[in-house]
Amino acid sequence: MEIEELKKIQQECAKKVIQRDDFEKLITVGGIDLTFEDIKSNPTKAWASIVIVDINTLKPVYEDVVEGLVDFPYIPTFLAFRELPLMLELYQKIKIKPDVYFIDGQGVAHPRGCGIASHFGVATNSVSIGVAKTKLFGYYKEPEEKRGSYSYLTYKGSIVGAVLRTKDRTEPVYVSVGHRISLKKAIELVLRTSIYRIPEPTRLAHNLLQKVRKRLY
DNA sequence: GCGACAG
DNA sequence: ATCTTGTCGC
């Protein structure tokens with residue numbers, strides 16, 4: 001498929017994104033992550049996992065894994081075309097749906113307004129938030145060193161996300177609206193679910209995958 | 001033209 | 001994302 005067509009898909013997706021709170025409750029949070037058996041080869045075997053935690057205890061209440069083949073390469077700004085298919089398989093498989101999903105990567109903090117977190121939210125019509133470890137798009141000033149402080153990610157005068165410190169004196173994470181939630185709530189939720197730098201749902205989903213990849217699970 | 005560039 | 005042990009700092 002041509003790159004231009006993929007751009008159009010992202011532009012259409014961006015039009016559907018809802019950047020305001022559109023949910024009843026926010027009790028369970030699911031973190032989704034992917035890992036690859038051999039990132040050098042294409043296609044490569046991969047696994048997607050989800051760990052759902054209760055917002056009050058931050059303890060897992062459900063976890064699941066799916067295995068599949070990924071044949072699309074990693075191309076900056078087109079991550080969704082590589083990782084979304086397996087995430088959607090996982091979505092279909094899970095017996096319990098969380099109230100909100102944390103997706104590794106950007107939401108609307110994307111050149112065409114539809115990073116993988118927004119793409120996932122729109123595709124499944126669910127509430128989603130993008131939580132990335134590094135920046136893809138936008139400008140910002142370094143937030144204060146204390147946990148909870150943040151600065152906005154901006155582009156051409158508009159706010160596209162936030163750079164949030166989830167732990168004192170630790171590198172911040174990049175939060176942006178995925179779908180059906182406001183940036184304000186997204187920031188609050190990521191902070192509330194963070195004990196370490198990476199919020200618990202995502203951190204646990206990542207840990208689970210490391211075990212799966214090493215056949216320890 | 002040059003630099004940046006989620007995972 | 002992944003390859004990898006020890007090591008520095010809270």
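Below, read A as the first sequence line, B as the second, and so on, with proteins coming before strands; counting in each chain starts at 1.
For A:Q210, the listed nucleotide lying nearest its side chain is C:dT2; candidates were B:dC5, C:dA1, C:dT2. Listed nucleotides: C:dC10, B:dA6, B:dC5. Nearest to the side chain of A:Q106: B:dA6. Here B:dG7 is the nucleotide among C:dC10, C:dT2, B:dG7 with the atom lying nearest to any side-chain atom of A:R82. Counting only heavy atoms from C-beta on, A:T35 has its side chain closest to C:dA1 among C:dA1, B:dC5, B:dA6. For A:R213, taking side-chain heavy atoms from C-beta onward, the closest of the listed nucleotides B:dA6, C:dC10, C:dT2 is C:dT2.
Atom-to-atom, CG of A:L79 to P of B:dA4 comes out at 21 Å; the value is rounded to the nearest Å. Between the CD1 atom of A:I198 and the P atom of B:dA6 there is a distance of 15 Å, rounded to whole Å.
Using a 4.0 Å heavy-atom cutoff across all strands shown, A:K40 reaches no nucleic acid atom at all. At a threshold of 4.0 angstrom between heavy atoms, the contacts of A:F78 include nucleobase atoms, whether or not backbone atoms are also involved.
For the residue pair A:N56/A:R192, the side-chain donor-acceptor check at 3.5 Å is satisfied.
The ring pair (Phe, Tyr, Trp, His ring centres under 6.0 Å) test with A:H119 is passed by exactly one of A:F78, A:F81, A:Y101: A:F81. Of the residues listed (A:L183, A:V177, A:I159), the one engaging A:V108 in a side chain to side chain contact (heavy atoms under 4.5 Å, CB included) is A:V177, and it is the only one.
Ring-centre distance between A:Y74 and A:F72: not below the 6.0 Å cut-off.
Contact between the side-chain N/O atoms of A:K133 and the OP1/OP2 oxygens of B:dA6 is not found at any separation under 4.0 Å. OP1 or OP2 of B:dG7 sits under 4.0 Å from a side-chain N or O of A:T134.
B:dG7 has its base stacked against the ring of A:Y74, the centroids being under 5.5 angstrom apart at an interplanar angle below 30°.
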